[in-house]
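Down below is the structure, laid out as C-alpha cells.
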Amino acid sequence: MRASYDSFIGEISNLNSLLDRVEELGSSPQYLPIKAISSKSAIIMSGGLLEKYMKESFMEFIEQINEMNISEEYIDDKMWKTNRKNTLKALEYIDGKKLEADYEKVVFVYSESFRKNEKLNKPLLVKEAFSITNANPGPETVKNMFSNIGISKIFENTFFQLEFGNEKFGDETRVTRTLKSFIELRNCIAHGYSGIPIPSIQEVQEYIKFLMKFVYTMNEVLNQRLLIVQASHYKDCFKALDLFCK
C-alpha cells in the first residue's frame, strides 16, 4: 500500500518544512504572533492529514482485497459483518452529502456481494463502509477501524511494539498516550478553548515526527494483513496442486 501513505508523508513533510522556515525567524517579540498562529494551524492541519490518511488507507486496503482473485472464505468474518453493517450507514452519509462517493456504485457493489458468482471469484466489499467515522482519529477510533477488518488490540501488535516499545502507563501505551494528547490539543485549538498553553514550533514538530512514525506503523500492519490473506490462499492452492500431482 503506497498511495495513501505517500500522500500523507508528502503533505506532512511540506508542513514540517514550513515550520522550519517559521522557526528561522528567530525569537524576536515581533515574530511571536506569527509563530503562535503557525503552531496552532499546524496542529489543526496535522490532525486533518491524519484523519484523511485513516479514511484513504482503509479504502485502499479494501480495494486491494477486492482485486485479489480469491474466494470469500479467506476474508475475515469481521470484514463481512462490517461490510453489511456500515454500508447502509455509508449510503446515508452519501445521501446527506457527508461522504463523497457514487451512490449507485456503492449500491451495486453491496448487492453483488450477496450473489454467488464462482466464475468471478472475487470479494466484493464496499470500501466506503470501512472508512466512515464520526470521531477524530484518537486511540478508540483507531482500534475500532482495525477491529472492523479483523485486527484486534492494534496497539499491542508486533509492529507497534517494535517501533514504540511496550512500556505501559497504567492502561495506556506510549502510542495511545501520545495520540490522545495530540487529539486533545487539536480539539482545544479547534474549539477555541482558552487557558491552554500555545505549543512551540519544536513541540508541534515533535508531534509531526510521532504522526509520521505512527502512520508508517499502521501502514506496515495493513500491508502485513494483505500478505497474510494472499499467503493463506496460495498455501491452499499449492496444497491442492501437491495432492493432485501425487
Side-chain angles (χ1 to χ4, degrees), residues 1-61 100 131 133-143 145-146 154-155 157 159-165 167 169 172-223:
M1 284 182 45
R2 297 299 309 180
S4 53
Y5 176 72
D6 287 345
S7 175
F8 173 83
I9 292 299
E11 291 178 294
I12 205 163
S13 295
N14 289 338
L15 179 59
N16 199 42
S17 297
L18 180 61
L19 291 175
D20 283 337
R21 302 298 294 271
V22 173
E23 187 65 3
E24 289 171 2
L25 293 174
S27 55
S28 299
Q30 69 205 61
Y31 295 125
L32 293 181
I34 296 175
K35 286 191 169 186
I37 292 171
S38 297
S39 63
K40 289 194 292 184
S41 298
I43 288 291
I44 298 296
M45 292 175 68
S46 297
L49 291 175
L50 176 60
E51 185 174 356
K52 179 173 175 277
Y53 166 79
M54 293 297 298
K55 292 180 178 181
E56 291 182 350
S57 64
F58 276 79
M59 287 198 289
E60 185 180 358
F61 173 82
E100 291 186 17
S131 73
T133 174
N134 294 321
N136 289 319
E140 286 304 314
T141 300
V142 174
K143 282 195 290 186
M145 291 183 77
F146 275 96
I154 180 60
F155 297 115
N157 184 278
F159 283 107
F160 272 94
Q161 293 190 352
L162 287 172
E163 290 294 332
F164 296 95
E167 187 177 3
F169 303 90
E172 296 183 325
T173 64
R174 185 179 300 279
V175 180
T176 57
R177 188 162 137 174
T178 307
L179 181 59
K180 184 179 178 181
S181 171
F182 170 76
I183 294 297
E184 286 176 350
L185 178 59
R186 180 263 169 210
N187 289 342
C188 286
I189 293 172
H191 297 296
Y193 295 150
S194 59
I196 63 165
I198 298 173
S200 67
I201 297 295
Q202 293 94 331
E203 288 172 328
V204 176
Q205 289 185 308
E206 280 300 311
Y207 275 124
I208 287 176
K209 183 179 177 181
F210 163 78
L211 292 177
M212 293 173 78
K213 192 174 181 180
F214 178 59
V215 165
Y216 166 80
T217 308
M218 286 193 293
N219 211 62
E220 289 297 293
V221 174
L222 292 172
N223 278 328

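When a residue number appears, it is its place in the shown sequence, counting from 1.
- The structure places CD1 of Ile183 at 9.5 Å from CD1 of Ile43, a figure rounded to the nearest 0.5 Å.
- Judged purely by atom type and a 3.5 angstrom limit, Asn223 uses its side chain to pair as donor or acceptor with the backbone of Asn219.
- Environment of CD in Glu100: sparse, with no more than 12 heavy atoms of neighbouring residues, nucleotides or ligands closer than 6.0 Å.
- The minimum heavy-atom distance linking Ser38 with Ile201 is given by the pair CB-CD1, 4.4 Å.
- With a 6.0 Å radius and a threshold of 12 heavy atoms from other residues, nucleotides or ligands, Met212 has its CE atom above the threshold.
- Ile9 places none of its side-chain heavy atoms less than 4.5 Å from the side chain of Tyr216.
- Leu211 CG to Met218 CE: the interatomic distance, rounded to the nearest 0.5 Å, is 8.5 Å.
- Residues Phe160 and Val221 share a closest heavy-atom pair of CE1-CG2, 4.2 Å.
- Remark: side-chain polar atoms of Ser200 are paired, donor with acceptor, to backbone N or O of Glu203 under 3.5 angstrom.
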side-chain contact (heavy atoms from CB on, under 4.5 Å) assessment of Thr176 paired with Val142
CA-CA 10 Å; Thr176 57; Val142 174; over 6 Å; no
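- The two residues Ser46 and Leu15 have their closest heavy-atom pair at OG-CD2, 3.4 Å.
- The structure places CD of Glu163 at 8.0 Å from CD of Glu220, a figure rounded to the nearest 0.5 Å.
- Using a 4.5 Å heavy-atom cutoff, the side chains of Tyr207 and Leu185 are in contact.
- Taking 4.5 Å as the limit, every side-chain heavy atom of Tyr31 sits out of range of all side-chain heavy atoms of Val22.
- Asn136 approaches Thr141 most closely through the heavy-atom pair O-OG1, 3.0 Å.
- By the 4.5 Å heavy-atom criterion applied to side chains, Thr173 and Glu167 are not counted as neighbours.
- Side-chain atoms of Ser181 never come within 3.5 Å of backbone atoms of Arg177 as a donor-acceptor pair (strictly under, hydrogens ignored).
- Pro139 is not listed as a side-chain neighbour of Glu172, based on a closest heavy-atom distance of 4.5 Å or more.
- Rounded to the nearest 0.5 angstrom, Gln202 CD and Lys209 NZ are separated by 13.0 Å.
- Looking at Lys143 and Phe155, their side chains come closer than 4.5 Å, going by heavy atoms from C-beta outward.
- Between atom OG of residue Ser131 and atom CD of residue Glu51 there is a gap of 10.5 Å, rounded to the nearest 0.5 Å.
- Counting all heavy atoms, side chain and backbone alike, Pro199 lies closest to Ser39 at O-OG, 3.0 Å.
- Here the OH atom belonging to Tyr5 is positioned 12.5 Å from the CG atom belonging to Leu222, to the nearest 0.5 angstrom.
- Between Val215 and Leu50 there is a side-chain heavy-atom pair separated by less than 4.5 Å.
- Remark: Lys213 NZ is packed, more than 12 non-hydrogen atoms of other residues, nucleotides or ligands lying under 6.0 Å away.
- Judged by distance alone, with hydrogens and angles left aside, the side-chain atoms of Lys35 form a donor-acceptor pair with the main-chain N or O of Gly26 at under 3.5 Å.
- Judged by distance alone, the side chains of Glu60 and Ser4 do bring a donor and an acceptor atom under 3.5 Å apart.
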